[in-house]
Amino acid sequence: MMKETLDFLKEKATKDTAFTYEILIVDDGSQDSTVRIALEMAQQEDIKDIRVVSFEKNRGKGGAVIQGMQYTRGEYILMVDADGATRFSDLDALQVKLKATERDGLGVAVGSRAHMVKTDAVVKRSFIRNFLMYSFHKVVYILGCRGIEDTQCGFKLFTRKAAQAIFPNMHVEGWVFDIEVLMIAQQLRIPIVEVPVAWQEIDGSKVSLMRDSIQMALDLLIIRMNYISGIWKIKPLLKAEVDEVDKKEAKC
């Protein structure tokens with residue numbers, strides 16, 4: 001996955017001398033050699049901006065992403081899973097759509113696998129896996145995250161301003177953190193665009209279908225109830241930012 005990423009970014013930087021990038025690898029308390037290999041790779045590369053953040057204890061995928069976002073420095077920030085299930089070159093498609101959609105520096109582009117529902121990659125999966133997938137989508141819709149067909153794809157691009165507005169408001173550190181990210185973005189009226197991406201299922205997933213599906217459903221209910229009851233609050237955008245978004249929406 002890192003080789004594909006580096007090949008793509010190096011070629012892009014060669015074609016456009018104004019293009020710069022950094023890679024931030026977040027290791028969520030793993031017990032293997034991830035940190036050592038990542039640091040060795042950073043030392044071997046001729047670019048300086050490969051950094052590694054490592055946690056002593058596992059915090060969950062959401063916790064790793066939320067903390068990692070605090071260390072980023074780019075104008076655009078791509079959240080991507082390390083399993084290589086998504087083709088990294090699809091970054092270009094997300095960036096084009098995001099730049100066309102963002103308002104006053106605010107925007108989120110969501111990689112989507114929704115177009116693959118009828119393909120063999122999904123159809124030939126087990127009945128229980130597809131049943132849980134459709135059930136999860138239904139629960140997400142009922143609990144209020146609507147208008148986005150694929151909330152869980154690990155390939156999302158944020159403007160820096162959007163990331164700074166969303167992630168300090170986050171509470172959930174488990175698998176369903178993506179839902180809270182999008183709910184906060186919708187609440188703040190940050191433009192969201194869904195972009196089809198290439199995807200393939202990778203063996204070795206740490207997700208337990210039954211256990212994690214039940215936990216995700218409970219987490220979704222907790223998220224919704226905490227926001228409805230006012231226990232969790234979202235820090236609003238500054239009034240000047242809201243006014244600017246309103247003006248641009250009025251022109252559309």
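Keep in mind that the numbers below use all heavy atoms, side chains included, and drop hydrogens, waters and symmetry copies. This one's a predicted model, so the numbers in the text were calculated from it and none came from an experiment.
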Margin query: Using only atom types and a distance under 3.5 Å, with no angle test, would you say the side chain of Asp81 pairs donor to acceptor with the backbone of Asp83?
Written below: no
Notebook entry, point to check: Residues two or more places apart in sequence or in another chain: which of them pass salt bridge (charged side-chain N to carboxylate O under 4.0 Å, His left out) with Asp219?
Noted result: none
Note to self: Set out, in order, the CA-CA distance, both residues' side-chain angles and the distance that settles side-chain contact (heavy atoms from CB on, under 4.5 Å) for Leu6 and Met41, then state yes or no.
What the structure shows: CA-CA 11 Å; Leu6 285 166; Met41 185 175 295; 4.3 Å; yes
Next item on the list: Sort and list the pairs that fulfil salt bridge (Lys or Arg N to Asp or Glu O under 4.0 Å) and have at least one residue in residues 25-40, not counting sequence neighbours.
Entry: Arg36-Glu40
Next item on the list: Name the orientation class of the two ring planes belonging to Phe158 and Phe167 (parallel below 30°, tilted from 30 to 60°, perpendicular beyond 60°).
Entry: perpendicular
Checklist line | Other cluster members, Val26 - Ile/Leu/Val/Met/Phe/Trp/Tyr, side-chain contacts below 4.5 Å | finding: Leu24, Val53, Phe55, Tyr71
Next item on the list: Say whether, by atom type as modelled, one donor and one acceptor occur between the side chain of Asn226 and the main chain of Trp232 under 3.5 angstrom.
Entry: no
Checklist line | Ile148 to Gln186 - nearest heavy-atom pair and separation | finding: CD1-NE2, 3.8 Å
Next item on the list: Report yes or no: do Glu194 and Ser112 form a side-chain donor-acceptor pair below 3.5 Å?
Entry: yes
Check: Can you list the residues that meet the salt bridge (charged side-chain N to carboxylate O under 4.0 Å, His left out) rule with Lys3, with sequence neighbours excluded?
Finding: Asp7
Margin query: According to ring pair (Phe, Tyr, Trp, His ring centres under 6.0 Å), does anything in residues 20-46 pair up with another residue at least two apart or in another chain? List the pairs.
Written below: Phe19-Tyr21
Margin query: Please determine whether side-chain contact (heavy atoms from CB on, under 4.5 Å) holds for the pair Val80 and Thr5, giving the CA-CA distance in whole Å, both sets of side-chain angles, and the decisive distance to 0.1 Å.
Written below: CA-CA 10 Å; Val80 55; Thr5 299; over 6 Å; no
Note to self: Strictly distance-based, threshold 3.5 Å: is any side-chain N or O of Lys156 a donor or acceptor partner for the main-chain N or O of Val108?
What the structure shows: no
Check: Transitively linked via ILVMFWY side-chain contacts under 4.5 Å: Ile228 with Ile231?
Finding: no
Checklist line | Shortest non-hydrogen contact between Leu98 and Gly107, atoms and distance | finding: CD1-C, 3.3 Å
Check: Within a reach of under 6.0 Å around CD of Glu45, are more than 12 heavy atoms found that belong to other residues, nucleotides or ligands?
Finding: yes
Item checked: Spatial distance of atom CD1 (Ile166) from atom CD1 (Ile190) [nearest 0.5 Å] -> 4.0 Å
Checklist line | Residue pairs involving residues 75-103 (criterion ring pair (Phe, Tyr, Trp, His ring centres under 6.0 Å); sequence neighbours excluded) | finding: Phe8-Phe88
Next item on the list: Locate the shortest heavy-atom distance separating Asp178 from Cys153; write the atom from each residue and the value.
Entry: OD2-O, 4.2 Å
Next item on the list: Drop me the distance from Gln164's CD to Gln70's CD, to the nearest 0.5 angstrom.
Entry: 9.0 Å
Notebook entry, point to check: So do the side chains of Tyr227 and His171 get within less than 4.5 Å of each other, counting heavy atoms only?
Noted result: yes
Notebook entry, point to check: Applying salt bridge (Lys or Arg N to Asp or Glu O under 4.0 Å), which residue pairs with at least one partner in residues 162-176 are found, sequence neighbours left out?
Noted result: Arg59-Glu173
Next item on the list: List in chain and number order the residues that pass side chain to side chain donor-acceptor pair (under 3.5 Å) with Lys57, two or more places apart in sequence or in another chain; answer none if no residue qualifies.
Entry: none
Notebook entry, point to check: Between atom CG of Leu91 and atom CG of Leu9, what is the distance when rounded to the nearest 0.5 Å?
Noted result: 7.0 Å
Margin query: Is any side-chain heavy atom of Ile234 closer than 4.5 Å to one of Met183?
Written below: no
Next item on the list: Specify the closest pair of heavy atoms between Met69 and Ala163, including all atoms of both residues, with the distance to one decimal.
Entry: SD-CB, 4.4 Å
Next item on the list: Using the test side chain to side chain contact (heavy atoms under 4.5 Å, CB included), find all partners of Lys97 that sit at least two apart in sequence or belong to another chain.
Entry: Val193, Val195
Note to self: For Met170 and Val65: C-alpha separation, side-chain torsions, deciding distance, then whether side-chain contact (heavy atoms from CB on, under 4.5 Å) applies.
What the structure shows: CA-CA 11 Å; Met170 292 287 294; Val65 173; over 6 Å; no
Next item on the list: With sequence neighbours left out, write down each residue that passes side chain to side chain contact (heavy atoms under 4.5 Å, CB included) with Ile37, or none if nothing qualifies.
Entry: Ser33
Check: Can you tell me if Gln152 uses its side chain to pair, donor with acceptor, with the backbone of Asp150 under 3.5 Å?
Finding: no
Next item on the list: For residues Asp90 and Ala198, report the shortest heavy-atom separation together with the two atoms involved.
Entry: OD2-N, 2.8 Å
Note to self: I'd like to know if the side chain of Arg160 and the backbone of Thr72 have a donor-acceptor N/O pair within less than 3.5 Å.
What the structure shows: yes
Check: How would you list, by chain and number, every residue that makes a salt bridge (charged side-chain N to carboxylate O under 4.0 Å, His left out) with Glu22, sequence neighbours excluded?
Finding: Arg51, Arg73
Checklist line | Closest contact, heavy atoms only, Pro191 versus Leu106 | finding: CD-O, 3.5 Å
Notebook entry, point to check: Which residues satisfy the salt bridge (charged side-chain N to carboxylate O under 4.0 Å, His left out) test with Lys99, sequence neighbours excluded?
Noted result: none
Item checked: Leu220 side, atom CG; Gln215 side, atom CD - distance, nearest 0.5 Å -> 10.5 Å
Checklist line | Distance, nearest 0.5 Å, that separates CZ of Phe177 from CD1 of Ile184 | finding: 11.5 Å
Note to self: Has Glu180 got a side-chain atom pairing as donor or acceptor with Val176's backbone, closer than 3.5 angstrom?
What the structure shows: no
Next item on the list: Report the distance from atom CD of Gln187 to atom CZ of Arg189, rounding to the nearest 0.5 Å.
Entry: 10.0 Å
